[in-house]
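All values below were derived from every heavy atom in this structure, side-chain atoms included, with hydrogens, water molecules and symmetry-related copies excluded. Naming: A, B, ... by sequence-line order, numbering from 1 per chain.
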Protein chains: 2
Amino acid sequence: MPGERPRPSASPTISEVAAEAGVGRATAARTLGGYGYVSPELKERVLAAAEKLGYRANALARSMSTGVSHTLGVIVADIGNPFFAGVVRGICDTSRARGFDTLVVSTYERLDEEVAAANVLIDKRVDGMIVASAAVDRSSVGHIRTALDRGIPVVLVDRAVPSLDLDAVVIDNRNAAREAVEKLIAAGHRRIGFVWGPPVDKAPATRRGLIAAASRNLWTDGERLRGYLDALDDASIPFDPELVMVGPKVEERAAREVARMLDLPDRVTALFCTETDGVTGALRAIRARGLSCPGDVSLIGFDDSAWAAVMVPPLTMIEQPVHRLGSTAAEVLLDVLAGAEPRREMHTLRTRLVDRSSVAAPPGRT
Amino acid sequence: MPGERPRPSASPTISEVAAEAGVGRATAARTLGGYGYVSPELKERVLAAAEKLGYRANALARSMSTGVSHTLGVIVADIGNPFFAGVVRGICDTSRARGFDTLVVSTYERLDEEVAAANVLIDKRVDGMIVASAAVDRSSVGHIRTALDRGIPVVLVDRAVPSLDLDAVVIDNRNAAREAVEKLIAAGHRRIGFVWGPPVDKAPATRRGLIAAASRNLWTDGERLRGYLDALDDASIPFDPELVMVGPKVEERAAREVARMLDLPDRVTALFCTETDGVTGALRAIRARGLSCPGDVSLIGFDDSAWAAVMVPPLTMIEQPVHRLGSTAAEVLLDVLAGAEPRREMHTLRTRLVDRSSVAAPPGRT
DNA sequence: CTGTTAGCGCCTTCAT
DNA sequence: ATGAAGGCGCTAACAG
C-alpha cells in the first residue's frame with residue numbers, strides 16, 4: 001500500500017491533488033483555479049484526482065493570496081423584522097447571482113453592536129459592505145469611515161446618513177408619509193395621530209424641535225415625520241404635539257400612546273403608523289377601548305403584509321419594495337467592486353399605497 | 001521624514017506594527033494575539049503602535065494558521081420567514097456571546113441551494129454548521145455527510161433528518177398538532193381540515209400513503225400530520241382525504257384548497273393550519289365565502305405573532321420557542337466545538353397553545 | 001522573555 | 001505548456 005505519501009487528509013489540498021495526479025502544484029492550481037494554460041490531458045488527470053479526493057478549494061487561502069474574498073458584508077438593524085429580511089433576501093439573491101457570498105449581521109438597533117459588526121466584517125476582509133445604519137450624525141459614523149479608509153466600499157440601504165457622502169438606496173419616505181396622511185385628510189380627518197415618534201419622554205412643543213428629535217434618532221423617522229407635517233401644512237391643519245407618540249419604540253408603548261390619544265377630549269380620529277409594530281399596537285388600543293376601525297378611527301401604516309390583507313377591516317398600507325431595495329443596493333455595490341466609479345448619490349425607490357378598507361370618514365360626519 | 005520603511009498600508013499588518021514599535025514580529029504577534037509572554041513595557045509600546053496605525057487582525061490569515069475560524073455556518077430554508085428569523089437570532093445571540101461569528105445562508109426551500117450553501121460554508125472553513133434541512137432521505141444528505149467527513153460538526157435545527165444520526169433541536173410537532181386538533185374536537189368539530197399538506201396533485205386515499213407523502217417532503221410536515229391523525233383516531237373520527245390540502249405550499253393555494261373544503265357538501269367546520277401562510281390563506285377563503293370565524297369555521301394555526309393577537313377574532317395559535325430553538329442549537333454545537341462528545345440525540349422543546357378566540361362550537365350545534 | 005524560522009493553502013511571477 | 005519558488009498575514013515551535 002502507498003504508505004509513503006502523507007495520507008489524504010479530510011480536506012485535501014492542491015498539493016495532494018497534484019501528487020495524486022502526478023503533476024506539479026502549479027498545474028493543479030491552474031486547472032482547479034481555472035486560469036492559465038493546461039493541456040487537456042493533464043487537466044483531465046487533475047480533475048479526476050480532485051474528484052477522487054473530494055477536493056474543495058480553501059476560500060480562506062485563496063482570499064489571502066488574491067486579496068479579495070468575493071464576499072459582501074451586510075449590516076441590518078433587525079433580521080427578525082420582515083422588512084429587513086426581505087431586503088437581505090434581495091441582497092443575497094443578486095450577489096449570489098454575481099458570484100458573491102453574503103455575510104449578514106444583525107445589530108438589533110444598537111450602535112455599539114453596529115460598530116462591532118463592522119469590525120468583524122473588516123476583519124473577515126469582506127470586499128464591500130451594505131449597511132442600514134442607526135448612525136445619524138458626524139460623531140457616530142466612525143466605523144463606516146474606518147471601512148472606507150481601508151478601501152472597503154460601503155453602500156447604505158434604507159437609511160441614509162446625511163453626514164456621509166455615499167451611495168444610498170432608500171424609499172421616498174417623506175412622500176410616502178405625506179400621501180398617506182393626505183389620504184386621511186381627504187377622508188375628512190383633522191385629528192391625526194403619528195405613531196412611532198422619537199423616543200423622548202415628552203413630545204417637543206414645536207415642529208422644529210420635534211423634527212430635530214426624530215432626526216436625531218433615525219433618518220427614516222425624520223423623513224416620515226416631515227411628510228406627516230407636510231400634509232398637515234398643506235391642509236392648514238395646526239400641528240398638535242399631543243398627537244405624536246413618544247417613548248420607546250415597542251408595540252406595548254404604541255398601544256399606550258394610542259390609548260392616550262383616544263382619551264383626549266378632542267380625540268384622534270385617524271392614525272398614521274410608521275412601522276408594523278405601531279400598527280398592531282394601535283389596533284390593540286382601539287380594540288381595548290371598544291372602538292372600531294374604520295368606524296371610529298381610520299388607520300394607515302407602513303409595511304404591507306399578508307396579515308394586513310386579512311385583517312378586519314383589511315388594512316390600507318404602504319408597500320415598500322423590500323426585495324428591490326436590497327437588490328439595488330447590491331447592484332450598486334457590485335458595480336463599484338467591478339470597477340465603476342461610485343456615484344455617491346441617493347437612489348430613491350417608490351412605495352405604493354395599497355388601498356384597502358381601514359380609511360373612512362371620521363365619526364359624526366357621515 | 002521616514003521615507004525608508006514602506007508607508008503604512010490601509011490595513012496595517014503585524015510586521016508594520018512591530019516595526020513601528022521597534023520590536024520583533026513575534027512580540028507584536030504575541031501581544032496582539034493575546035498569547036505567550038510579553039514584558040509590560042514592550043506590550044505597552046506594541047499596543048500604542050497598533051492603536052496609532054489602526055491595526056486590525058486579519059481573521060483570514062489567523063484562521064489559516066490556526067485552522068479554526070471561530071465562525072458558525074447556518075443554513076435555513078427562508079430567512080424571510082419570521083420563524084427562521086427568530087431562530088437565527090437565537091443562534092447569533094448565543095454564538096456571539098461565546099465569541100463566535102455567524103454566517104447565515106438562506107436556501108428558499110431548495111435542496112440544490114442547500115447543497116451549494118453547504119459547500120460555501122465548507123469552503124469558508126466554518127468550525128461547525130447548524131442546518132434546517134429540506135433533506136429527508138438517505139439519498140439527499142450527501143452534503144451533510146461531506147461536512148461531517150471533513151470534521152465539521154453539524155447540528156440540525158427545527159427539522160430532524162431520520163437517516164442521519166445527529167444532534168437535532170426541534171419542537172414537539174406531533175404533540176403540538178395533536179393538542180390543537182384535540183381542542184377542535186373538544187369544541188365539537190368532526191370535519192376538520194388540514195391545511196398545508198404534501199405538495200402532491202391529489203391526496204392519497206390512505207393514511208399510510210398520506211403520511212408517506214408528507215414525510216417525503218419535510219420532516220415537520222410528517223410529524224404534524226401524524227399528530228392530526230392521532231387526534232382523529234383518539235376520537236374515532238374517520239379520516240377523509242378530501243379534508244387535507246394538497247399542492248404547492250403557498251398562501252394562494254391554501255386559499256383555494258380551503259375554498260374547496262368549504263364547498264364540500266359536508267363542509268369543514270374547523271381548520272388546522274401548520275404554517276402562517278396557511279392561516280392567512282384560510283382566512284382569505286373564509287372571508288371570500290362570506291363566512292365568519294369562529295361562527296362558521298374555527299381555526300388554529302402554527303406560529304403565533306403580533307398580528308394573530310389583533311385579528312378579528314384574535315387567533316388561537318401554537319407558539320413556538322423560536323429564539324430558544326436557535327440558542328439551544330448553538331449551545332449544543334458550541335459544546336461540541338469546545339470538546340464535548342456529541343450526544344447525537346433529539347432535543348425536543350415544548351410549544352404552547354395560545355388560547356384566544358378563533359375556536360367555537362361548530363355551527364348548528366349552538 | 002524575545003527574536004528567528006517555518007509553515008497554513010493558494011496564487012503568481014519566473015524560468016524551463 | 002509546465003514546474004519551481006516566493007509571498008499573502010498570521011501562529012507556533014524553536015533557539016537565544
Side-chain angles (χ1 to χ4, degrees), chain A residues 6 8-47 49-50 53-71 122-127 150-151, chain B residues 6 8-47 49-50 53-71 122-127 150-151:
Chain A
S9 51
S11 286
T13 71
I14 275 199
S15 303
E16 297 183 63
V17 174
E20 173 76 27
V23 303
R25 317 150 178 273
T27 304
R30 273 191 277 263
T31 87
L32 262 13
Y35 57 92
Y37 301 90
V38 162
S39 71
E41 30 189 352
L42 282 197
K43 180 177 292 189
E44 189 52 43
R45 267 169 44 203
V46 171
L47 257 20
L53 264 37
Y55 171 81
R56 297 236 94 225
N58 182 330
L60 265 44
R62 181 167 288 174
S63 301
M64 269 214 47
S65 42
T66 59
V68 304
S69 59
H70 276 261
T71 302
I122 291 174
D123 292 352
K124 290 217 187 276
R125 296 305 191 260
V126 295
D127 293 337
R150 283 195 160 40
Chain B
S9 51
S11 285
T13 71
I14 274 200
S15 303
E16 296 183 63
V17 174
E20 173 75 28
V23 304
R25 314 148 180 270
T27 304
R30 273 191 277 262
T31 89
L32 263 12
Y35 57 92
Y37 301 90
V38 164
S39 71
E41 29 190 352
L42 281 197
K43 179 178 289 187
E44 189 53 43
R45 266 166 49 202
V46 172
L47 256 20
L53 264 37
Y55 172 80
R56 296 239 93 223
N58 182 331
L60 266 44
R62 181 167 288 173
S63 301
M64 271 215 48
S65 36
T66 59
V68 302
S69 59
H70 275 261
T71 303
I122 290 174
D123 292 351
K124 291 218 186 275
R125 297 306 191 260
V126 296
D127 293 337
R150 281 194 162 43

Should [X] and [Y] count as side-chain neighbours, where that means a heavy-atom distance under 4.5 Å?
| X | Y | result |
| --- | --- | --- |
| A:Thr13 | A:Asn58 | no |
| A:Val46 | A:Val38 | no |
| B:Ile122 | B:Arg150 | yes |

**OP:** Among the candidates C:dT12, C:dG3, D:dC10, find the nucleotide nearest to the side-chain atoms of B:Ala26.
**Re:**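 Of the options given, the side chain of B:Ala26 lies nearest C:dG3.
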Using whole Å, report how far [atom1] of [X] lies from [atom2] of [N].
| X | N | atom1 | atom2 | value |
| --- | --- | --- | --- | --- |
| B:Tyr35 | C:dT2 | OH | P | 13 Å |
| B:Arg25 | C:dC1 | CZ | P | 23 Å |
| B:Arg62 | C:dG9 | CZ | P | 18 Å |
| B:Met64 | D:dT11 | CE | P | 12 Å |
| B:Glu44 | C:dC1 | CD | P | 16 Å |
| A:His70 | C:dC10 | NE2 | P | 16 Å |
| A:Ile14 | C:dC8 | CD1 | C1' | 13 Å |
| A:Leu60 | C:dG7 | CG | P | 21 Å |

**OP:** Please work out if B:Leu42 contacts a base, only the sugar-phosphate, or nothing of the nucleic acid, heavy-atom cut-off 4.0 Å.
**Re:** sugar-phosphate
Subject >> Main-chain N/O of A:Ala21 paired with A:Arg45 side-chain donor or acceptor, under 3.5 Å >> reply: yes
Original post:
Counting distance only, does the side-chain N/O of B:Arg125 pair as donor-acceptor with the main-chain N or O of B:Ser69 below 3.5 Å?
Top reply: no
Does a side-chain N or O from [X] land closer than 4.0 Å to OP1 or OP2 of [N], or not?
| X | N | answer |
| --- | --- | --- |
| A:Thr27 | D:dG3 | yes |
| B:Tyr37 | C:dG3 | no |
| A:Ser39 | D:dT2 | yes |

Subject >> Residue whose nearest DNA chain C nucleotide is more 5′ - B:Gly24 or B:Thr66 >> reply: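 In this pair, the answer is B:Gly24.
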Original post:
Between A:Gly33 and B:Val23, which has a closest nucleotide on DNA chain C that is more 5'?
Top reply: B:Val23
Subject >> Under-3.5 Å donor-acceptor pair between A:Arg30 side chain and D:dG3 base >> reply: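 Side chain to base: pair found, below 3.5 Å.
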